[in-house]
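Presented below is the structure to which this report refers.
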Amino acid sequence: MAKGIKSAISPTRAEDYPEWYQQVIRAADLAEVSPVRGCMVIKPWGYAIWENMQQALDRMFKQTGHENAYFPLFIPMRYLEKEAQHVEGFAKECAVVTHHRLEPDGQGGLRPAGPLEEPLVVRPTSETIIGEMYAKWIQSWRDLPVLINQWANVVRWEMRTRLFLRTAEFLWQEGHTAHATEAEAMEETMQMLDVYAHFAENYLAMPVIKGEKTADERFPGAVATYSIEGLMQDCKALQSGTSHFLGQNFARAQQIKFQNEEGKEVYAWTTSWGVSTRLIGGLVMTHSDDDGLVLPPRLAPQHIVLSPVLRDDSRAAVLQYCDRVAEELRAQNYDGQPIRVSIDRRDLRGGEKVWQHIKKGVPLRAEIGPRDMDSDSCFVGRRDQSPREKQAIPRSQFVATAAATLTEIQNNLFQRARRFRDDHSVHIDTLDDFQSYFTPQNSEKPEIHGGLAWCHWAENPQTAALLQKLKVTIRCVPLDGEAEPGRCVVSGEPTERRFVLAKAY
RNA sequence: CGGGCUGUAGCUCAGCUUGGCUAGAGCGCUGCGUUCGGGACGCAGAGGUCGAAGGUUCAAAUCCUUUCAGCCCGACCA
């Protein structure tokens, strides 16, 4: 490739953000679009990130008293019909199975045969099937709470898809709980929102705002929906996890009831909460730069990749030296586990090999050639620094400080993302400021603009029309921070606190 | 699901308007050589039923119809 090229990914973020996003995913070999409409293939490097997310989240779910279970992929259509709002919300995007057999069509092909008596819906979410089971399992107050999580795939027939951010099929986890009292269910809802926020900030290194969704954005059938919202580098917000307080809506629809301590039959209070492979998209858009993916060490499939500089006269010795360094690194712990190290033995030119690891977001990389071996050191680069800033570090020091360096990178990424988020968060108090904040200078080819606008806001037809015009949405009513009486920037109506508004995915 | 654009080699694309030699380029890939610590260079190669199906024609990547997929813009959504 030409020497003049400054960055590994083309176009850059500033030039064309959506295209940059796709190129980062491709360069890092995370995933591809599949031949199946709207569905993606998650490749090993991308799937390993998901596995790391699963591992961390699963531990947190267990620590908060949940157990894993598995429910069917297929949901009888009539289950979905029970909760009116729920049907309405999901009906438009359901895949439906109507046959259970194939037969020759007489022209060398196949056609469906054996129509089902009742169509089966491929789960878009599992409230209904799980609720159906809970209704059987729960009879006494002694049976509560029921705290179950499921790792699964779901299907929502999306018309417009983007890798990780929105695909017809995606992987997620869905927690479903049932409680004896409203307060306990609400406590669960908030607890899991906190778990998600903790995970986002400490693992994804993605600062998030916890908040409640407005009625329009609420989960179909929920009494209240809470979310964590992150800000991507193109200044659009990403809903990155949701926790729903379902009240007794689903319990009533599905007859989840029990005898309480007074012997009275009452409905249970339920919750559900989930995060998906969308988080990988959030990860990409929070940290990556014009040289490709940047991974927070806690979720990186490999923490360190050693790139031996292979020359005929010293090949064996260098490889042996690398093996030794790798062994020593693996004996170190980072984040409670041995450091994940691999050696790239491929006989590629040094520069090319190293750039591949940069594009894949490996947090720490070390080039090791005869010169390093002679001086008993490693030539180390960090993904949170420029590719040029490489340093020779004595082997023993590199090994001894590797875990601390990973911790430092993890923290740096979070600090950097938080600074970006804070730099793109503003209090807006006039309509003019609001409009100009969300209006690009160049309407032909909109530049990156906007961010999180904290505003006094009233929900009414007038404000809704403005939002539609500017393509802005109410992200949430933030939970943290104090109430601050004020007046709606559009209508002047008095309000209690500021909402967060932004353009969003 | 509406409106627009696009499907030609693994990737990015030219060729199509005005049908006609054996369908091209760059990158990537394979081999050999020179190289090698910031993304190498030279030479020689492999690789395409032109998204798919029908049609028009002596002749279709090129024209027509249908269909599938992708991208952008709307509506919808984790």
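We name chains A, B, ... by the order of the sequence lines, and we start the count at 1 in each one. Treat the numbers as computed from the prediction; the structure is a model and nothing was measured.
Note: CG (A:L306) to C1' (B:G37) measures 15 Å, nearest angstrom. In this entry the distance linking CG of A:D216 with P of B:C76 reads 10 Å, nearest Å. The interatomic distance linking A:F170 (CZ) with B:A78 (C1') rounds to 5 Å, in whole Å. Rounding to whole angstrom units, CH2 of residue A:W355 and P of B:A40 are separated by 11 Å. Atom pair A:Y505:OH and B:C77:C1' shows a separation of 15 Å (rounding to whole Å applied). Rounded to an integer number of Å, the gap from CZ of A:R349 to P of B:C41 is 9 Å. A:L348 places its CG atom 13 Å from the C1' atom of B:G28, with the value rounded to the nearest Å.
Out of B:A78, B:G39, B:G37, the shortest distance to the side chain of A:Q239 is found at B:A78. In this structure, of B:A78, B:G37, B:G39, it is B:G39 that holds the atom nearest to the side chain of A:A8.
Between the side chains of A:Y21 and A:D234, no donor-acceptor pair is found at a separation under 3.5 Å. Side-chain atoms of A:R123 and A:N153 include a donor-acceptor pair closer than 3.5 Å.
Base pairing annotation: B:C41 forms a Watson-Crick or G-U wobble pair with B:G33, both donor-acceptor distances under 3.5 Å. Across every strand in view, B:U22 sits unpaired, with no contact that passes the Watson-Crick or G-U test at under 3.5 angstrom. The pairing partner recorded for B:C5 is B:G70, the criterion being a Watson-Crick or G-U wobble arrangement whose two distances lie under 3.5 angstrom. For B:A61, there is no paired nucleotide, since no Watson-Crick or G-U wobble pair has both relevant distances below 3.5 Å.
Close to B:G37, at under 4.0 Å from its OP1 or OP2, lies no side-chain N or O of A:R371.
Salt bridge annotation for A:D289-A:K359: absent, with no cationic side-chain nitrogen under 4.0 angstrom from a carboxylate oxygen.
Aromatic pair A:F250/A:H86: centroids less than 6.0 angstrom apart.
Between A:L306 and A:D344 there is no side-chain heavy-atom pair separated by less than 4.5 Å. Between A:Y196 and A:T242 the shortest side-chain heavy-atom distance does not fall below 4.5 Å. A:V195 places a side-chain heavy atom less than 4.5 Å from the side chain of A:F61.
Geometrically, A:K92 does not engage A:W157 in a cation-pi contact defined by less than 6.0 Å to the ring centre and at most 45° from the axis. The cationic group of A:K82 lies under 6.0 Å from the six-membered ring centre of A:Y79 and within 45° of the ring axis, placing it in a cation-pi geometry. Judged by a 6.0 Å distance limit and a 45° cone about the ring axis, A:K390 is not positioned over the six-membered ring of A:F379.
Using modelled atom types, one side-chain atom of A:Q254 and one backbone atom of A:T128 make a donor-acceptor pair closer than 3.5 Å.
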Distances under 3.5 Å between nitrogen or oxygen atoms of protein and nucleotides 7-9 of chain B:
none

So which protein N/O to nucleotides 67-74 of chain B N/O distances come out below 3.5 Å?
| residue | atom | partner | partner atom | Å |
| --- | --- | --- | --- | --- |
| B:A69 | OP1 | A:R37 | NE | 2.9 |
| B:A69 | OP2 | A:R37 | NH2 | 3.1 |
| B:G70 | OP1 | A:G38 | N | 3.0 |
| B:C73 | OP2 | A:R160 | NH2 | 2.8 |
| B:G74 | OP1 | A:K471 | NZ | 2.1 |

Might you list the N or O atoms of the protein lying below 3.5 Å from N or O atoms in nucleotides 10-14 of chain B, with each pair's distance?
| residue | atom | partner | partner atom | Å |
| --- | --- | --- | --- | --- |
| B:C11 | O3' | A:R26 | NH1 | 3.3 |

